**Student:** 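Pasting a structure below so you can have a look.
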Amino acid sequence: MLVHATEITTRASEVISRCQRLASFSEDLSGTRRTFLSPPMRECHQEISKWMEALGAQWRIDAAGNFRGLYRASHPNAPLLLIGSHLDTVPNAGAYDGVLGVVLAVALMEELRGRKLPFSIEVVGFSEEEGVRFGTPFIGSRALVGRLDRALLDVRDARGVSVRKSIEDFGLNPDLIPKAELNDDALAYLEFHIEQGPVLEQLNQPLAAVDAIAGQSRLEFTFLGRANHAGTTPMNLRCDALAGAAEWIGAVERGAPSSSGLVATVGKIEARPGATNVITGEVRLTLDVRHSSDEIRTSAVEDLARQAHEIANRRGLSVRESTLLNQQSVAMDSFLVGQIEIAMTKSGCKPHRMASGAGHDAMILAEKVPSTMIFLRTPGGVSHDPAESVLQEDIEKAIACGLHLLDQLASSPEFYKRTNRA
Ligand SMILES: [Zn+2]
């Protein structure tokens, strides 16, 4: 499809201005903050519904507060391709994390210009992904896979309001949550999202197909030594827990690059008693390890734990560890990843695939339907910050890639084999 250059600029800049408009719907006067079913979420829904109505498409808010817009197929009872991302934000957020995926889904529908496909497209704007209000992420997407259960409905926010009550306060009926669940007619889920990291920028690559969402291990380590007087205890007679922990932090940083794609972080440290003139008796610190291969991740965790014990033994310390999170990696659908790479080539991009180090709604949807993501380069790798941005030319590539992908899927017998209806 040949598109005039002026049109290219217009459609990409329209995507940017829509994202910025949605960013203005905020709980805070300064900066964007839009948590689960907060009043500005309603304004956000109203704005998106205007775009859907201009397309002649239907929309609804499901019982979990997700925006669901339907662009109908060429024939009734056709299967469904879901395209979406989340509409909630972190505090002091940028304008693109999550929102861009919803705005791009609508832009793709508009670019079809009334042309019908053999499948319907459902735009999904998830109500909650970041976990800011309730400390539990993915409330929106969990409803689509049937995991917004009673226990989660009872979780309360800082003011004591439960998920269930917040749904009722928004004018929705939590008893209807099962109706938000996907049916057998869902073919696949596609999510456009900013990379939120520096990799694509460094590679000078506008887009990537996401082939996996990395698994995560989170642990807490405690180094125990002996607190004592900093002035009277000679260096050779100390059991300094902080010096031991510091040696181990260095080992974590040196060890991670030994496996490609492995990231390991000590993000929090607490020394006790924590005084200038006292040798540290106890240090608690966290370890976060991620990789798309669960085997590489778990063996890295075992290796780092072994090194912690070695360092502690040598220094006359002891060390304890406890696991806080052990989340398996989630593979994205290989057929869809391959199709995205073909679409990238047709759009003039070099095919590229990468794992996501962060969790996304696609990871939840993958429990029920073949899922995948397309990352857009994030200038400076900056995200979760008002300085978050995206390049107009990359948005143009994403739209072109998305349109090629829709055409490919529309004529792919293999794509339809994936549903019970085929
Ligand atoms: Zn996000």
Side-chain angles (χ1 to χ4, degrees), residues 15-16 18-20 22-23 25-27 31-38 40-41 44-45 48 64-67 82-107 123-145 189-201 207-210 212-214 216 288 290 327 329-330 332 354-366 371-390 394-395 398 402:
V15 166
I16 289 181
R18 283 182 175 181
C19 289
Q20 288 172 346
L22 294 183
F25 304 133
S26 173
E27 290 161 75
T32 302
R33 172 195 173 97
R34 196 170 50 245
T35 58
F36 181 69
L37 298 186
S38 55
M41 189 60 93
C44 196
H45 291 161
I48 301 168
N66 298 309
F67 184 95
L82 296 112
I83 312 180
S85 193
H86 59 98
L87 294 172
D88 67 319
T89 74
V90 294
N92 200 31
Y96 304 98
D97 174 8
V99 164
L100 177 67
V102 181
V103 172
L104 274 174
V106 177
V123 172
V124 191
F126 291 109
S127 54
E128 210 284 347
E129 188 265 357
E130 300 282 7
V132 171
R133 180 165 174 188
F134 294 96
T136 308
F138 306 116
I139 295 175
S141 46
R142 281 174 63 157
L144 270 70
V145 300
Y189 173 72
L190 170 68
E191 179 168 357
F192 290 88
H193 203 285
I194 52 170
E195 181 207 342
Q196 299 180 286
V199 175
L200 291 178
E201 183 172 69
L207 304 177
V210 176
I213 296 182
Q216 289 183 35
D288 177 309
R290 305 186 192 202
Q327 187 177 284
S329 81
V330 178
M332 297 287 96
M354 66 186 287
S356 170
H360 291 288
D361 293 302
M363 171 178 110
I364 306 296
L365 269 288
S371 298
T372 188
M373 299 183 73
I374 297 176
F375 272 172
L376 283 82
R377 158 168 53 190
T378 308
V382 176
S383 184
H384 283 186
D385 186 274
E388 191 178 88
S389 65
V390 62
D394 294 355
I395 289 178

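Atoms within a ligand are numbered from 1 in the order they appear, just like the ligands themselves. Here the structure is a predicted model, which means the values were calculated and not measured. Reckoned from all heavy atoms, side chains included, excluding hydrogens, waters and symmetry mates.
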**Student:** Under a 4.5 Å cut-off applied to non-hydrogen side-chain atoms, are E130 and D97 in contact?
**Tutor:** yes
**Student:** What is the name of the N/O/S atom in D97 that sits closest to the Zn ion (ligand 1)?
**Tutor:** OD1
**Student:** Considering just N/O/S atoms, say which atom of H86 is closest to the Zn ion (ligand 1).
**Tutor:** NE2
**Student:** Rounded to the nearest 0.5 Å, what separation is found between the OH atom of Y96 and the OG1 atom of T89?
**Tutor:** 14.0 Å
**Student:** Check whether any N, O or S atom of H193, backbone or side chain, sits closer than 2.8 Å to the Zn ion (ligand 1).
**Tutor:** yes
**Student:** What distance do D394 atom CG and I194 atom CD1 have between them, rounded to the nearest 0.5 Å?
**Tutor:** 11.5 Å
**Student:** If we only count heavy atoms from C-beta on, is the E201 to V199 side-chain gap below 4.5 Å?
**Tutor:** no
